[in-house]
Amino acid sequence: MPNRRTVLKGSLAVSAGLALPTGLAAAPAFARSGRPSASWGVQAGDITASSGLIWARSDRPARMVVETSATESFRRARRWQGPLLGPGTDFTGTTSLRGLPAGEQIHYRVTLADPDDPRRTGQPVCGTFRTAPDSRRDDVRFLWSGDIAGQGWGINPDIGGYRVYDEMRRLDPDFFLCSGDNIYADGVILPSVILPSVTLPDGRVWRNITTEEKSKVAETLAEYRGNFRYNLLDENVRAFNAQVPSIVQWDDHEVRNNWYPGQILDDARYTEKNLDVLAARSRRAFSEYFPISTLGTGERAGRVQRVLRHGPLLDVFVLDMRTYRDANSPGRQPDDRVGILGAEQLQWLKRELARSRAVWKVIAADMPLSLVVVDGATDFEAVSQGDPGAPLGRELQIAELLRFIKHRRITGTLWLTADVHYTAAEHYDPSRAAFKDFAPFWEFVSGPLAAGGFPPDKVDGTFGPRQVFVQAPTTANASPMEAPPNFGEIEIDGGSGELTVRLRAQGGSVLFTQVLRPGLVGQ
């Protein structure tokens, strides 16, 4: 049976599309004369108790100006001079906000000004976000998921595009954690003149909006930029971005399926075979299209891994399980100092976990721990390799981390991920494990948001996981019409400190709920 990764090689068979219609409601319209336009919408990201980042894209050279206020009327607005947006960043830019009040709703509007005549400005585009609280009494609620426009399933105008984003927006979370695969740079969506629309097993027809950059695998900087722009064609995404700030990480499909540093491709679709070259181009486009605090300038420039401290109740540790990993392999080596995180990132994570005073410590992983994700006939893509015995290969690094968490008595850790295109809840306990020197913990999986759904993967028993809940399609690459998008919700009660996990599906249904109490282990 094909899995969600191998099916990419045959994605032409499911990549029905149509050329982007003129005047489609979901697509921004761009004038080429007159005043600068920010029709791609606005985004807020990496929000803390006192700071945040605001993103916008112009249709021409422009100066970005941001105003913030406590009210929608923008009385007593504070003005922030942003960067000059030009072709060097694909006309995108990010403005840093500092000195914000904690735990407050902030309204902002972005205005683009002609750099030669500041009086010539475009229509302001508005957004809002809540800063992190500085009191433990304040509740915290956020969503997470990943995997967008994968396996040929893109923006379908017949069903209203990415409607799951509208559903998530109406829940009004404090922020959204995207666990990776924000794009499928290797997932082609062809125009309908090349391939007819897809007829689903129940007789319904799937159609896609597509663009020039989405009609082939991404190789050039322009093509990677076009892939990140693609999802912004959807009006649900733009409305969501304007209301819900994001914490974004990346995984393989921002570049190419199952990639690792130093890899040389054997793929006829690519003229550029060096994955390091492709990854550098994608990282640049990734940094241009999301407001991420560590991807700008300064000492930490270029890093995806970071800690977002969301008040006394929550720290989010964002991992990069792609940039520093060793090559995919059978994973049976008895010594692996690089692993999936790299030695430096592992030390960073240990240090930051030990420093954290938050009640809950969410480890945002772009790949699962015990689910066996294959890469070809003999290699493995994630942590585990299906051997339920003592840790080997990349498992050694995770064992070292779990041992550190136990011996340093770090409480309140839980792992969140996406990647596998179904939703699950897994409890880890040393009493069931081959490796026993760790404290029990939970891992929750959710997704995809807009990609093919897939049957569940095998589970590796090295760390003693028990699948408490799984919901997955029975067939490979089920369309979003057949397998509704999934996302997860975390709610932390400011009074009791209890953390509630809800695994959700589009349509409003709650598939699974788990309540965790603070300071306890083995829940």
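Hydrogens, waters and symmetry mates play no part in the numbers below; they use all other heavy atoms, side chains included. Remember, predicted model here, so these are calculated numbers, not experimental data.
Between the Trp55 side chain and the Glu288 main chain, a donor and an acceptor come within less than 3.5 Å of each other. Looking at Gln243, its side chain does come within 3.5 Å of a backbone N or O of Arg169 through a donor-acceptor pair. The closest donor-acceptor contact from the side chain of Ser246 to the backbone of Val248 lies at 3.5 Å or more, if one exists at all. At least one donor-acceptor pair closer than 3.5 Å links the side chain of Thr131 to the backbone N or O of Gly103. No side-chain donor-acceptor contact under 3.5 Å links Ser58 to the backbone of Pro36. Listed for the Thr89 side chain is a donor-acceptor partner under 3.5 Å among the backbone atoms of Thr92. Between the side chain of Ser69 and the backbone N or O of Arg75 there is at least one donor-acceptor pair closer than 3.5 Å. Using modelled atom types, no side-chain atom of Asp147 and backbone atom of Ala451 make a donor-acceptor pair closer than 3.5 Å.
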* Go through the steps to decide whether Glu223 and Arg281 satisfy the test side-chain contact (heavy atoms from CB on, under 4.5 Å), and finish with yes or no. => CA-CA 9 Å; Glu223 289 164 350; Arg281 292 169 181 168; over 6 Å; no

* To do: Mind running side-chain hydrogen bond (donor to acceptor under 3.5 Å, both in side chains) on Thr423 and Arg504 for me, showing each step along the way?
  => CA-CA 9 Å; Thr423 189; Arg504 292 180 170 269; over 6 Å; no

* To do: Begin with the C-alpha distance, continue with both residues' side-chain angles, and end with the deciding distance and a verdict on side-chain contact (heavy atoms from CB on, under 4.5 Å) for Met64 and Ile54.
  => CA-CA 10 Å; Met64 181 179 179; Ile54 304 298; 4.1 Å; yes

* Starting from the C-alpha separation in whole Å, work towards a yes-or-no answer on salt bridge (Lys or Arg N to Asp or Glu O under 4.0 Å) for Glu104 and Arg130. => CA-CA 5 Å; Glu104 298 290 339; Arg130 283 187 294 277; over 6 Å; no

* To do: Could you go through the side-chain contact (heavy atoms from CB on, under 4.5 Å) check for Ile247 and Phe142 one step at a time?
  => CA-CA 10 Å; Ile247 299 174; Phe142 70 93; over 6 Å; no

* Asked: Is there a side-chain contact (heavy atoms from CB on, under 4.5 Å) between Val362 and Phe317 once you walk through the steps?
  -> CA-CA 6 Å; Val362 164; Phe317 300 83; 6.0 Å; no

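Applying the ring-ring contact (aromatic ring centres under 6.0 Å, His included) rule to Phe91 yields no partners; only residues at least two apart in sequence or on another chain are considered.
Counting only heavy atoms from C-beta outward, the side chains of Ile183 and Lys214 never approach each other to under 4.5 Å. Annotation: side chain of Pro124 is in contact with side chain of Thr111 (closest heavy-atom distance under 4.5 Å). Counting heavy atoms from C-beta outward, Glu482 and Pro201 have side chains that approach closer than 4.5 Å. A heavy-atom distance below 4.5 Å is not found between the side chains of Glu498 and Ile492. Contact annotation: the side chain of Asp139 never approaches that of Arg141 to less than 4.5 Å [non-hydrogen atoms, C-beta and beyond]. Residues Asp419 and Asp251 have side chains in contact (heavy-atom distance under 4.5 Å, counting atoms from C-beta outward). At a threshold of 4.5 Å between non-hydrogen side-chain atoms, the residues Thr500 and Leu516 do not count as touching. At a threshold of 4.5 Å between non-hydrogen side-chain atoms, the residues Asn227 and Tyr184 do not count as touching.
When only modelled atom types and interatomic distance are considered, Thr323 and Arg283 share a side-chain donor-acceptor pair under 3.5 Å. Remark: the Arg225 side chain and the Tyr289 side chain contain no N/O donor-acceptor pair separated by less than 3.5 Å. Under the 3.5 Å distance criterion, with hydrogens and angles disregarded, no donor-acceptor pair is assigned to the side chains of Asp320 and Gln249. Side-chain polar atoms of Trp80 and Thr68 form a donor-acceptor pair below 3.5 angstrom. Under 3.5 Å, the side chains of Ser215 and Glu212 contain no donor-acceptor pair of N or O atoms. In this structure, a donor-acceptor pair under 3.5 Å is absent between the side chains of Asn156 and Tyr162. In the model, Asn477 has a side-chain atom that pairs as donor or acceptor with a side-chain atom of Trp153 under 3.5 Å. A donor and an acceptor atom, one from each side chain of Gln467 and Glu426, are located under 3.5 Å apart. For the residue pair Asn257 and Trp259, no side-chain donor N or O sits within less than 3.5 Å of a side-chain acceptor on the partner.
Aromatic pair Phe228/Phe290: ring centres closer than 6.0 Å. For Trp442 and Trp415, the gap between ring centers reaches or exceeds 6.0 Å.
Under 4.0 Å is where a charged nitrogen must lie from a carboxylate oxygen, and between Arg325 and Glu381 at least one such pair does. Under a 4.0 Å N-O distance rule, the pair Arg256/Asp186 does not qualify as a salt bridge. No salt bridge links Arg466 with Asp429; every basic N to acidic carboxylate O contact stays at or beyond 4.0 Å. Salt-bridge check for Arg502 with Glu491: passed, with a basic side-chain N closer than 4.0 Å to an acidic carboxylate O. Taking the charged nitrogens against the carboxylate oxygens, Asp158 and Arg204 have no contact shorter than 4.0 Å, which rules out a salt bridge. Salt-bridge formation is not detected for the pair Asp166/Arg163: no Lys NZ or Arg NE/NH1/NH2 atom is positioned less than 4.0 Å from an Asp or Glu carboxylate oxygen. Salt bridge Glu352/Arg309: present, at least one basic N to carboxylate O contact under 4.0 Å.
Across all their heavy atoms, Val459 and Pro465 have their closest contact at CG1-CG, 3.4 Å. Closest non-hydrogen pair, Ala418 versus Ser145, comes out as CB-C, 4.1 Å. Here the shortest heavy-atom pairing between Leu232 and Asn241 reads CD2-ND2, 3.6 Å. Closest of all the heavy-atom pairs between Asn258 and Asp252 is N-OD2, 2.8 Å. Across every non-hydrogen atom of Leu511 and Asn486, the tightest pair is CD1-OD1, 3.9 Å. In terms of heavy-atom proximity, Phe74 sits nearest to His107 at CE2-O, 3.7 Å.
Atom CG of Leu200 is separated from atom CE of Met481 by 6.0 Å, given to the nearest 0.5 angstrom. How far CG of Leu112 is from CG of Asp59: 8.0 Å, rounded to the nearest 0.5 Å. To the nearest 0.5 Å, the span separating CG on Asn231 from CD1 on Ile148 amounts to 5.5 Å. To the nearest 0.5 angstrom, Leu295 atom CG is 8.5 Å from Trp250 atom CH2. Between the CG atom of Leu313 and the CZ atom of Arg137 there is a distance of 11.0 Å, given to the nearest 0.5 Å. Distance OG/Ser446 to CD/Gln471: 10.5 Å, rounded to 0.5 Å.
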Side-chain donor-acceptor pairs of residues 363-371 under 3.5 Å, sequence neighbours excluded:
from   : atom 1 : to     : atom 2 : distance (Å)
Asp366 : OD1    : Met321 : N      : 3.1
Ser370 : OG     : Tyr428 : OH     : 2.7

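A side-chain contact (heavy atoms from CB on, under 4.5 Å) with Trp360 is found for one member of Asp315, Thr413, Leu414, Thr411 and no other, namely Leu414.
The cationic group of Arg284 does not satisfy the cation-pi geometry with Tyr224, failing either the under 6.0 Å distance to the six-membered ring centre or the 45° limit from the ring axis.
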